[in-house]
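Quick notes on the structure that follows.
Because the structure is predicted, anything quoted here is derived from the model rather than measured. Numbers here simply count residues along the sequence, with the first being 1.
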Amino acid sequence: MLVAIETVPLQTFDGPFADELFFAGRVIFGLVLAFTGLNHFLDLENMAGYAEFKGVPAPKLSVVASGVVLIAGGLGVALGVFPALAAAALAGFLLVTTPMMHDFWAAPEEERQTEMTHFLKNVGLFAASIALLAVSALEWPYALGLTVF
C-alpha cells in the first residue's frame, strides 16, 4: 500500500485565537526587523565598516539599502500592508545577507560560535518570512488591507 500525502488549502485563520495569535506574531516579527533596519541608520558608520570587512560591495550604500528593506518589509508585515511584497523583500534580504555576513564556516575559531548563532537566527527569520509569504494571499486579520494580490 502506498502512502499518499494530501494537502488541504489554507482557507482562513479559524482556530481559537488564531486571528489574535497571527496578529501578535506578525507584529512582533515585523517590528523586530524594522527596528533592526533602523539600527542600520543609527549606527551607519560601524555597520558600513563591518560590511566592508565582510567584502560587501559599496558597503555604505548596501547598509542604507538593506536598512530601507528591513524597515519597509518589517512595517509591511506588522501592518499587513502589501504583505506579499513585504515578506518577499525580507526573505530576499535574509537569503542574500545571511551567508555573506555570518559565514561561520570561515570565521576564526573564537568567533565561530557567535557567527553560527547569528546565521541560524537569520535562517529562522528567513523561514518565518517564507511562511508569511505563503499565506500572503489570504486576508490577514487586523491588517490595513492594502495588497497587490
Side-chain angles (χ1 to χ4, degrees), residues 3-51 53-54 56 58-105 107 111-149:
V3 176
I5 298 174
E6 296 183 29
T7 60
V8 177
L10 184 61
Q11 300 293 321
T12 61
F13 297 98
D14 61 357
F17 302 106
D19 287 352
E20 292 76 13
L21 291 171
F22 183 75
F23 174 66
R26 75 165 214 262
V27 167
I28 293 167
F29 176 80
L31 291 181
V32 165
L33 289 173
F35 180 74
T36 302
L38 180 61
N39 281 335
H40 281 60
F41 294 99
L42 297 176
D43 196 18
L44 180 59
E45 294 306 319
N46 285 330
M47 293 192 87
Y50 186 67
F53 169 74
K54 288 292 195 169
V56 174
K60 196 172 217 174
L61 178 62
S62 295
V63 170
V64 168
S66 62
V68 168
V69 169
L70 285 167
I71 292 170
L75 291 177
V77 165
L79 298 171
V81 174
F82 301 112
L85 294 175
L90 293 171
F93 164 79
L94 290 160
L95 183 65
V96 170
T97 61
T98 297
M100 183 183 299
M101 299 303 292
H102 302 299
D103 54 345
F104 65 90
W105 53 90
E111 296 173 18
R112 191 163 294 149
Q113 185 62 49
T114 300
E115 289 297 340
M116 183 186 291
T117 298
H118 288 300
F119 180 89
L120 293 173
K121 169 204 45 124
N122 280 10
V123 169
L125 293 171
F126 172 73
S129 296
I130 61 174
L132 287 169
L133 182 57
V135 297
S136 64
L138 296 175
E139 186 176 329
W140 284 11
Y142 308 109
L144 293 181
L146 299 173
T147 176
V148 175
F149 305 107

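- Across every non-hydrogen atom of L21 and P16, the tightest pair is CD1-O, 4.4 Å.
- The minimum heavy-atom distance linking P83 with G80 is given by the pair CD-O, 4.0 Å.
- Looking at residues two or more places apart in sequence or on another chain, you find a side chain to side chain donor-acceptor pair (under 3.5 Å) between E20 and Y142.
- Interatomic distance, E115 CD to T117 OG1, rounded to the nearest 0.5 Å: 9.0 Å.
- In terms of heavy atoms, P59 sits closest to A48 at CB-O, 3.4 Å.
- Qualifying ring-ring contact (aromatic ring centres under 6.0 Å, His included) partners for F41, counting only residues two or more places apart in sequence or in other chains: none.
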Worksheet item: What do the steps show when you test V56 against M101 for side-chain contact (heavy atoms from CB on, under 4.5 Å), and what is the final call?
Response: CA-CA 9 Å; V56 174; M101 299 303 292; 3.6 Å; yes
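- Counting only heavy atoms from C-beta outward, the side chains of L79 and W140 never approach each other to under 4.5 Å.
- Atom NZ of residue K60 and atom CD of residue E45 lie 3.5 Å apart, to the nearest 0.5 angstrom.
- Note: S62 OG to M47 CE = 11.5 Å, rounded to the nearest 0.5 Å.
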For residues 121-129, please give each side-chain donor-acceptor pair under 3.5 Å, one per line with the distance, not counting sequence neighbours.
from : atom 1 : to   : atom 2 : distance (Å)
N122 : ND2    : T98  : OG1    : 3.3
S129 : OG     : L125 : O      : 3.0

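- Applying the ring-ring contact (aromatic ring centres under 6.0 Å, His included) rule to F119 yields the partners F104, W105; only residues at least two apart in sequence or on another chain are considered.
- Annotation for A91 and I130: closest pair CB-CG2, 3.9 Å, computed over non-hydrogen atoms.
- Applying side-chain contact (heavy atoms from CB on, under 4.5 Å) to T114 and the options R112, H118, E111 leaves one that passes, H118.
- Shown here for G73 and A86, the closest heavy-atom pair between the two residues is O-CB, 3.5 Å.
- Qualifying side chain to side chain donor-acceptor pair (under 3.5 Å) partners for N39, counting only residues two or more places apart in sequence or in other chains: none.
- For D103, the salt bridge (charged side-chain N to carboxylate O under 4.0 Å, His left out) criterion is met by K54, not counting sequence neighbours.
- Annotation: side chain of L33 is not in contact with side chain of V77 (no heavy-atom distance under 4.5 Å).
- Heavy atoms only, all atoms of each residue included: H40 and V63 are closest at CD2-O, 3.3 Å.
- The environment of F35 atom CZ is sparse: at most 12 non-hydrogen atoms of other residues, nucleotides or ligands sit within 6.0 angstrom.
- A 4.5 Å side-chain heavy-atom check between L75 and V81 finds every atom pair outside the cut-off.
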